[in-house]
Protein chains: 2
Amino acid sequence: MTATQASELCCPPAKDQADLRPVEGDEADEELATLSKALGHPARVKIVRLLIRKNACICGEIVDELPLAQSTVSQHLKVLKDAGLIRGDVDGPRVCYCVEPHALRRLRALVGGL
Amino acid sequence: MTATQASELCCPPAKDQADLRPVEGDEADEELATLSKALGHPARVKIVRLLIRKNACICGEIVDELPLAQSTVSQHLKVLKDAGLIRGDVDGPRVCYCVEPHALRRLRALVGGL
DNA sequence: TTAGCTCATCGTATATCAACGATGACTGCC
DNA sequence: GGCAGTCATCGTTGATATACGATGAGCTAA
């Protein structure tokens, strides 16, 4: 791997433990709304896809892939992080972003529960 | 059925034809963002659930179920309708709302495609 | 026709979002 | 220490979103 490629710095194999929280009720509604809102912008959808496709991604790589300023991308990353959809691990001067697989599973469960 | 209950006025059995559109690419990203954005508010999640649970629903019933003004609910319904998630059929002085099953399936496919 | 009911739309106020450039914090290298 | 690179945050601007009351449009029944 090269220095400009994200690696296994973050994103551990993610032990698959079941999520036993209900997919209905007020809390589930809030959760689904929060996750949906985070995905409610094309740029953020693209970011999530990018992170999935490359498994992990340095912030700079994401900026290169999108027609947006670095500060704007950083803002979108913050929205996704606040929603729990992605994680950012500091790697020296860089930050390695990756998706939170359990959050994605949770979203699928909530949407499937509709 | 009583006058205050939604019936089979709208929501036909919905013939199950497969959706062949891709779950990736720019168009899919826009679509997922649009649908997600529409679900990105707790009140709208509750509305969708209500419509699913009752199969269909008169606008007034929805207003009764939510702690929001009628005009606000109407606005949320418009957002959901514009996103294609629900449909509203006029029934005399009332409007019968119901979910668009294919839109829900499409959302599941798009989220599943992540 | 009139009255009443249901719902959409308008107008408005406040809050949040989305985008950018500029700046600051932090790291690693010389 | 000083410098370059990477990314987050700040400050700002314009656009949307959210909520409400008030009003209007359309139907039904009297």
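Every chain is numbered from 1, with letters handed out A, B, ... down the list of sequences. Hydrogens, waters and symmetry mates play no part in the numbers below; they use all other heavy atoms, side chains included.
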TODO: Report which part of the nucleic acid A/Lys81 touches: base, sugar-phosphate, or nothing (heavy-atom distance under 4.0 Å, all strands).
DONE: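 Nothing, no heavy atom under 4.0 Å.
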Tell me: [atom1] of [X] to [atom2] of [N], nearest whole Å?
X       : N      : atom1 : atom2 : answer
A/Glu61 : D/dT6  : CD    : C1'   : 13 Å
A/His76 : D/dT9  : NE2   : P     : 15 Å
B/Ile86 : C/dC7  : CD1   : P     : 13 Å
A/Leu77 : C/dA18 : CG    : C1'   : 14 Å
A/Ile47 : D/dC7  : CD1   : P     : 13 Å
B/Asp91 : C/dC7  : CG    : P     : 9 Å
A/Asp89 : D/dT6  : CG    : P     : 19 Å
B/Lys78 : D/dA17 : NZ    : C1'   : 13 Å

Do you know the tightest heavy-atom contact between [X] and [Y]?
X        : Y        : result
A/Ala28  : A/Leu110 : CB-CD2, 3.9 Å
A/Arg108 : B/Leu114 : NH1-O, 3.4 Å
A/Ala43  : A/Leu68  : CB-CD1, 3.8 Å

Task: Distance in Å, B/Asp29 CG paired with B/Thr34 OG1, rounded so as to fall on 0.5 Å steps - done: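 With rounding to 0.5 Å, CG (B/Asp29) is 10.5 Å from OG1 (B/Thr34).
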Open item on the list: If I take atom CD from residue A/Gln75 and atom NE2 from residue A/His41, how far apart are they, to the nearest 0.5 angstrom?
Closed with: 10.0 Å
Task: Shortest side-chain distance from B/Gln75, nucleotide among D/dA19, D/dA8, D/dC7 - done: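 Given the options D/dA19, D/dA8, D/dC7, the side chain of B/Gln75 is closest to D/dA19.
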- [ ] From the options C/dA8, D/dA8, D/dT18, select the nucleotide whose nearest atom is closest to the side chain of B/His41.
- [x]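 Ranking C/dA8, D/dA8, D/dT18 by closest atom to the B/His41 side chain puts D/dT18 first.
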If you restrict it to nitrogen or oxygen atoms, what contacts under 3.5 Å exist between nucleotides 3-5 of chain D and the protein, and what is each distance?
none

Open item on the list: Assuming nearest nucleotide by heavy-atom distance, tell me which of A/Val90 and A/Gly40 is located more 5' along DNA chain C.
Closed with: A/Gly40
Task: Side-chain (B/Arg94) to main-chain (B/Gly60) donor-acceptor, under 3.5 angstrom - done: no
Open item on the list: I need the residues from residues 63-73 of chain A with at least one non-hydrogen atom less than 4.0 Å from DNA chain C; give them sorted by number, or say none.
Closed with: A/Leu68, A/Ala69, A/Ser71, A/Thr72
Open item on the list: So A/Ile58 and A/Cys96, do their side chains get closer than 4.5 Å, heavy atoms only?
Closed with: yes
TODO: Flag the pair A/Ile62 / A/Leu51 as yes when at least one side-chain heavy-atom distance between them is below 4.5 Å, and no otherwise.
DONE: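 They are in side-chain contact.
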Task: Lys/Arg N to Asp/Glu carboxylate O, B/Arg21 vs B/Glu27, below 4.0 Å - done: no
Open item on the list: Return whichever of A/Ser74 or A/Lys37 has its heavy-atom-nearest nucleotide of DNA chain D closer to the 5' end.
Closed with: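 Its nearest nucleotide lies further toward 5', so the answer is A/Ser74.
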